[in-house]
Amino acid sequence: MQNSEMKSNKLLKNPLLTKVFTLFIMILLLQIPLYMVGDLIRERGNLYEETSMNIGNEWGREQKIAAPFLTIVYPKSGKKDEEQRKMIILPDTLDAKITLNHEERKRGIYRSMVYNANAKIQGYFDKIEIPNDPNVKIYLSFSLSDTKAILKVNQYQLGTKNYENLEAGTRAEPVLSRGISVLLSQEDLEGKESIPFSMDIDFRGSKKISMLPLGEKNTVEISSPWTSPSFTGILPASKEISKEGFQGKWEVTHLVRNYPQRISVSDATNYFDPVWEREEKDFERYGVYEEEDSNTIQVELFNPVTNYTQVARACKYGILFIMLSIIIVYIFEVASRQFTHYIQYGVVGISLVLFYLLLLSLSEHFPFGISYLLSSLAIIVPNSLYMMSLTQNKKFALGMFVFLTGVYAVLFSILRMEQYALLTGTILILGVLYVIMYLTRRLDIYFQEEE
């Protein structure tokens, strides 16, 4: 019993054990500057998102297409406070081909991805649905959520007539109000039971494009050179994604939606308002199924990894690399029998924290790969030379160089992964744990040497 108490007192008074405990406290304190760097990364990332949104708003917002449809405006009867009666008639068949060509817009050091789009839409209206009344006004309407981004109307045709004198607005206010339209005459609607239409419009947008399947039978094709699309809402029947871009094809019937072919404008708010008039997206509602988006065709030009997300992910491994680096310095100290002051440990730890700040700064001006290489070299080389000065041995300097090169190479590989990043990071943490267990398996040897 007395021998056990004496051994416990020796362990508590052992300078090596005291140093290990002090270094553990130092590693925890280094989380303060690491957290400050992480907070700066989040701030710059939010500023990037805000700037990207502003660029998109000026170039063209997320475009939402609801086209074409016929707007029937009935005359007023003369009663006081009478509302204008309006009816929306949807097409029988709709065939749309949309092509997106993305490009990069720059403001200061920030860049935003936008697109130029061309929409070719064809189909037929059922003439039986159209009222044969000379007192009503009938408009051929095309709804687009951000009309300021319309570049050119190449074709706006109903039957055999192509219209050029288009008007602003769809005449279907207060729903689907943004867009263009043209007033039709009864002569324009004469002919067969099915009245064909054909539209070809160039416009701009950003981030996402969506379309309502207004026809009873809908065939939609969306293609782009963008290599990482995100399909939401109604999923495509078939899709192809390659290095050359993507192509998605939808074959949709009217059964997937919650509105009929003939809609009164006074009732249409129940169908379209939740989908159409919402301009802002709530990014906090992850995992919440949004029913109002489920009956639209949506494609987002998704950017899975940005420089800020990669730096933020790298910073999450900061405590792991700091702890492992401090352990390596401590092992080199014991092996070389050269005393290393706590301040010197702190210098190594602070340099590892500055790696993430340097990486953030460089990645805003250079490609991420080059930024990562320069940042890692700025940490690896000075710390290796510093280790040679502390231990008076080139072998330990070489060991530090190999160690830091290895961990930063592994970290870079993790950041480049999208699907297996979490799995690889977890395996890395387990590997570090096993190395620590191996290095500390014979701690009694150090205590015996100290005695």
Side-chain angles (χ1 to χ4, degrees), residues 22-57 106-113 207 280-287 302-327 329 342-343 345-380 382-383 404 407-408 410-418 421-422 424-426 428-429 432:
T22 306
L23 292 179
F24 176 75
I25 298 298
M26 180 181 295
I27 291 173
L28 295 180
L29 292 176
L30 286 173
Q31 296 309 296
I32 298 176
L34 188 63
Y35 176 81
M36 296 174 64
V37 173
D39 189 60
L40 179 61
I41 295 172
R42 288 187 290 272
E43 180 182 343
R44 301 294 289 187
N46 292 335
L47 181 59
Y48 163 76
E49 292 293 339
E50 181 180 350
T51 305
S52 178
M53 183 177 297
N54 291 335
I55 295 174
N57 290 340
K106 186 176 180 181
R107 176 177 295 177
I109 62 174
Y110 299 107
R111 295 175 174 84
S112 178
M113 199 63 62
K207 293 186 178 179
E280 297 182 359
K281 183 176 181 180
D282 185 3
F283 290 95
E284 301 298 327
R285 297 177 59 194
Y286 287 115
F302 181 63
N303 191 3
V305 179
T306 64
N307 289 345
Y308 295 99
T309 57
Q310 291 186 93
V311 177
R313 285 167 54 189
C315 193
K316 293 179 181 180
Y317 293 94
I319 184 173
L320 175 65
F321 288 167
I322 290 174
M323 178 180 65
L324 189 56
S325 300
I326 295 296
I327 291 175
V329 174
Y342 295 117
I343 295 179
Y345 279 99
V347 169
V348 174
I350 290 296
S351 68
L352 297 174
V353 174
L354 291 178
F355 164 78
Y356 304 101
L357 182 60
L358 182 60
L359 179 60
L360 173 64
S361 304
L362 291 177
S363 63
E364 292 185 335
H365 301 276
F366 303 101
F368 185 80
I370 297 177
S371 302
Y372 191 93
L373 177 62
L374 295 176
S375 301
S376 58
L377 288 177
I379 302 302
I380 294 173
N383 275 281
L404 290 177
V407 294
Y408 282 124
V410 171
L411 177 60
F412 184 77
S413 300
I414 293 175
L415 297 179
R416 285 304 184 186
M417 296 179 182
E418 296 181 14
L422 179 61
T424 307
T426 304
L428 175 62
I429 294 175
V432 171

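For the pairing with Ile322, the side-chain contact (heavy atoms from CB on, under 4.5 Å) check across Ile350, Ile327, Val353 returns one residue only, Val353.
Between Ile379 and Ser351, the shortest heavy-atom distance links the atoms CD1-O, 3.1 Å. Taking all atoms of both residues into account, the shortest heavy-atom contact from Leu34 to Ile319 is CD2-N, 3.7 Å. The two residues Lys207 and Ser52 come nearest to each other via the heavy atoms CE-OG, 4.1 Å. Across all non-hydrogen atoms, the minimal contact from Ala378 to Leu358 is CB-CD2, 3.6 Å.
Distance check: Met26 CE to Ile343 CD1 gives 8.5 Å after rounding to the nearest 0.5 Å. Separating the CG atom in Leu411 from the OH atom in Tyr408 is a distance of 8.0 Å, to the nearest 0.5 Å. Here the CD1 atom belonging to Ile370 is positioned 11.5 Å from the OG atom belonging to Ser375, to the nearest 0.5 angstrom. The distance from the CG atom of Leu360 to the SG atom of Cys315 is 9.5 Å, given to the nearest 0.5 Å. Here the CG-CG distance, from Leu404 to Leu324, works out to 9.0 Å after rounding to the nearest 0.5 Å.
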Using atom types as modelled, flag every donor-acceptor pair under 3.5 Å from a side chain in residues 36-44 to any protein atom, sequence neighbours excluded.
{"residue": "Arg44", "atom": "NE", "partner": "Glu364", "partner atom": "OE2", "Å": "2.8"}
{"residue": "Arg44", "atom": "NH2", "partner": "Tyr110", "partner atom": "OH", "Å": "3.4"}
{"residue": "Arg44", "atom": "NH2", "partner": "Glu364", "partner atom": "OE1", "Å": "2.9"}
{"residue": "Arg44", "atom": "NH2", "partner": "Glu364", "partner atom": "OE2", "Å": "3.1"}

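Atom CD1 of Ile25 is surrounded by more than 12 heavy atoms from other residues, nucleotides or ligands within 6.0 Å.
Between Phe355 and Tyr372, the ring centre distance stays below 6.0 Å.
Using a 4.5 Å heavy-atom threshold, the side chains of Thr51 and Ser112 count as separate. No side-chain heavy atom of Tyr345 sits less than 4.5 Å from a side-chain heavy atom of Thr22.
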Does the pair Val311 and Phe368 meet the rule for a side-chain contact (heavy atoms from CB on, under 4.5 Å), with working shown? CA-CA 9 Å; Val311 177; Phe368 185 80; 3.9 Å; yes

Step by step, would you call Asn307 with Tyr48 a side-chain contact (heavy atoms from CB on, under 4.5 Å)? CA-CA 10 Å; Asn307 289 345; Tyr48 163 76; over 6 Å; no

Phe321/Leu352 under side-chain contact (heavy atoms from CB on, under 4.5 Å): CA gap, chis, key distance, verdict: CA-CA 8 Å; Phe321 288 167; Leu352 297 174; 5.5 Å; no

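Asn57 meets the side chain to side chain contact (heavy atoms under 4.5 Å, CB included) test with Met53, Asn54, Arg61; sequence neighbours excluded.
Side chain of Ser361 to backbone of Leu357: a donor-acceptor contact under 3.5 angstrom is found.
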